[in-house]
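Read through the structure below, which is laid out as structure tokens, and then see the notes.
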Amino acid sequence: MSGDHDIDLGSAGKRRTLWVVLWLNVAIAIGFFVVGYFADSNALLANGLDNSSDAIVYALSLLALARSRIWQRGAARFSGVMLLVFAAGVIADAVRRFVEGSEPGGFMMLAMAAVAAVVNLICLRMLQRTEDKDVSMRAATTFSFNDFIANGGIIIAGIVVLLTGANWPDLVVGVAVACIALYGGIQILRDAHMDIHDEEGSEHRKGDQFRT
């Protein structure tokens, strides 16, 4: 898009964008949990947890708008750690379902993923329109991109579940979402660290990753 349509991060535009994506993620997370419970789907529940963590990140980003870059880096690090913890929880649930068995509902998976894909695409486009993103805003954009990709996986899994009646596609996608979250968490933590050097105009040196 042209610069005339970019959101001015120094104005109320950034705050408004984050509020919109925050409430959209809260709504879609509730939908994932409710439908995931009735559909007996690890992939849907995984995405519900993912969107819940996203909503917390957006809330932290809103708080970070009027704070220092140190505070912003701390908020980004918190969100990165949350993603790593979330990934471990999803993998543990997938293992449990593999051992105990599950009967995911393919049609419900498809319907929920389709709705979520539209919502996540709206969030992603709104965030991508911003310019000169700070570290917390870049974390928010990473989350929305991960969510959009994950929804595509759920749609594929739902189709396979409908055709075969097996639960493994649901579990595979759940673990895949966890891996996406793992990668995203590492990227956010790395970005928060590199923001120190960007602020100082210095270069990264081995052993300084714990600086704030």
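Just so you know, residue 1 is the first one in the sequence shown, and it goes up from there.
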> Any idea which heavy atoms bring M108 and L44 closest together, and the distance?
Replying inline: O-CD1, 4.4 Å
> Can you name the closest pair of heavy atoms from L22 and A55 and give their distance?
Replying inline: CD1-O, 3.0 Å
> Would F38 and F107 show up in the same hydrophobic cluster when neighbours are defined by side-chain heavy atoms closer than 4.5 Å?
Replying inline: no
> Run the side-chain contact (heavy atoms from CB on, under 4.5 Å) check on L84 and I186 step by step: do they pass?
Replying inline: CA-CA 8 Å; L84 299 182; I186 292 173; 4.3 Å; yes
> Going through the checks in order, is the side-chain contact (heavy atoms from CB on, under 4.5 Å) test met by I154 and M112?
Replying inline: CA-CA 9 Å; I154 296 176; M112 187 63 223; over 6 Å; no
>> What I'd like to find out is whether the side chain of L189 reaches to under 4.5 Å of the side chain of R77, using heavy atoms alone.
In response: yes
> When hydrophobic residues are tied together by side-chain contacts of less than 4.5 Å, even through go-betweens, does W23 share a cluster with I122?
Replying inline: yes
>> Does either side chain, that of N151 or that of N120, offer a donor lying less than 3.5 Å from an acceptor on the other one?
In response: yes
> Would you call I28 and N47 a side-chain contact if the rule is heavy atoms closer than 4.5 Å?
Replying inline: no
>> Is there a side-chain contact (heavy atoms from CB on, under 4.5 Å) between L83 and L182? Walk through the geometry before answering.
In response: CA-CA 6 Å; L83 271 183; L182 179 64; over 6 Å; no
>> Under the side-chain contact (heavy atoms from CB on, under 4.5 Å) test against D147, which residue among V177, L124, N25 passes?
In response: N25
> Would V175 and V90 count as a side-chain contact (heavy atoms from CB on, under 4.5 Å) if you check the C-alpha gap in whole Å, the side-chain angles of each, and the deciding distance to 0.1 Å?
Replying inline: CA-CA 7 Å; V175 173; V90 170; 5.8 Å; no
>> Quick check: do N51 and V119 have side-chain heavy atoms less than 4.5 Å from each other?
In response: no
>> Side-chain heavy atoms nearer than 4.5 Å, only ILVMFWY residues, links allowed to pass through others: does that put V34 and L110 together?
In response: no
> Which residues satisfy the side-chain contact (heavy atoms from CB on, under 4.5 Å) test with L45, sequence neighbours excluded?
Replying inline: F33, R97
>> I need the minimum non-hydrogen distance between A87 and A178, along with the two atoms involved.
In response: CB-O, 3.3 Å
> Measuring from D93:CG to L49:CG, what's the distance to the nearest 0.5 Å?
Replying inline: 8.5 Å
> So, the side chain of D191 versus the backbone of Q187: is there a donor-acceptor pair under 3.5 Å, distance only?
Replying inline: no
>> Please determine whether residues V85 and F78 belong to a single hydrophobic cluster, defined as Ile, Leu, Val, Met, Phe, Trp and Tyr linked transitively by side-chain heavy-atom distances below 4.5 Å.
In response: no
> Are I149 and Y183 in one and the same hydrophobic cluster, where Ile, Leu, Val, Met, Phe, Trp and Tyr link if side-chain heavy atoms are under 4.5 Å apart?
Replying inline: no
In a table with atom names and distances, give each donor-acceptor pair under 3.5 Å that connects a side chain of residues 155-173 to protein atoms at least two apart or in another chain.
residue : atom : partner : partner atom : Å
T164    : OG1  : V160    : O            : 2.8
T164    : OG1  : A166    : N            : 3.2
N167    : ND2  : S102    : OG           : 3.1
D170    : OD1  : S41     : OG           : 2.6
D170    : OD1  : N42     : N            : 3.4
D170    : OD1  : A43     : N            : 3.0
D170    : OD2  : N42     : N            : 2.7

> Considering the options L18, L24, T17, which one meets the side-chain contact (heavy atoms from CB on, under 4.5 Å) requirement together with V20?
Replying inline: L24
> Is there side-chain contact between F86 and I91, with heavy atoms separated by less than 4.5 Å?
Replying inline: no
> Which heavy atom of A116 sits nearest a heavy atom of F32, and at what distance?
Replying inline: CB-CZ, 3.4 Å
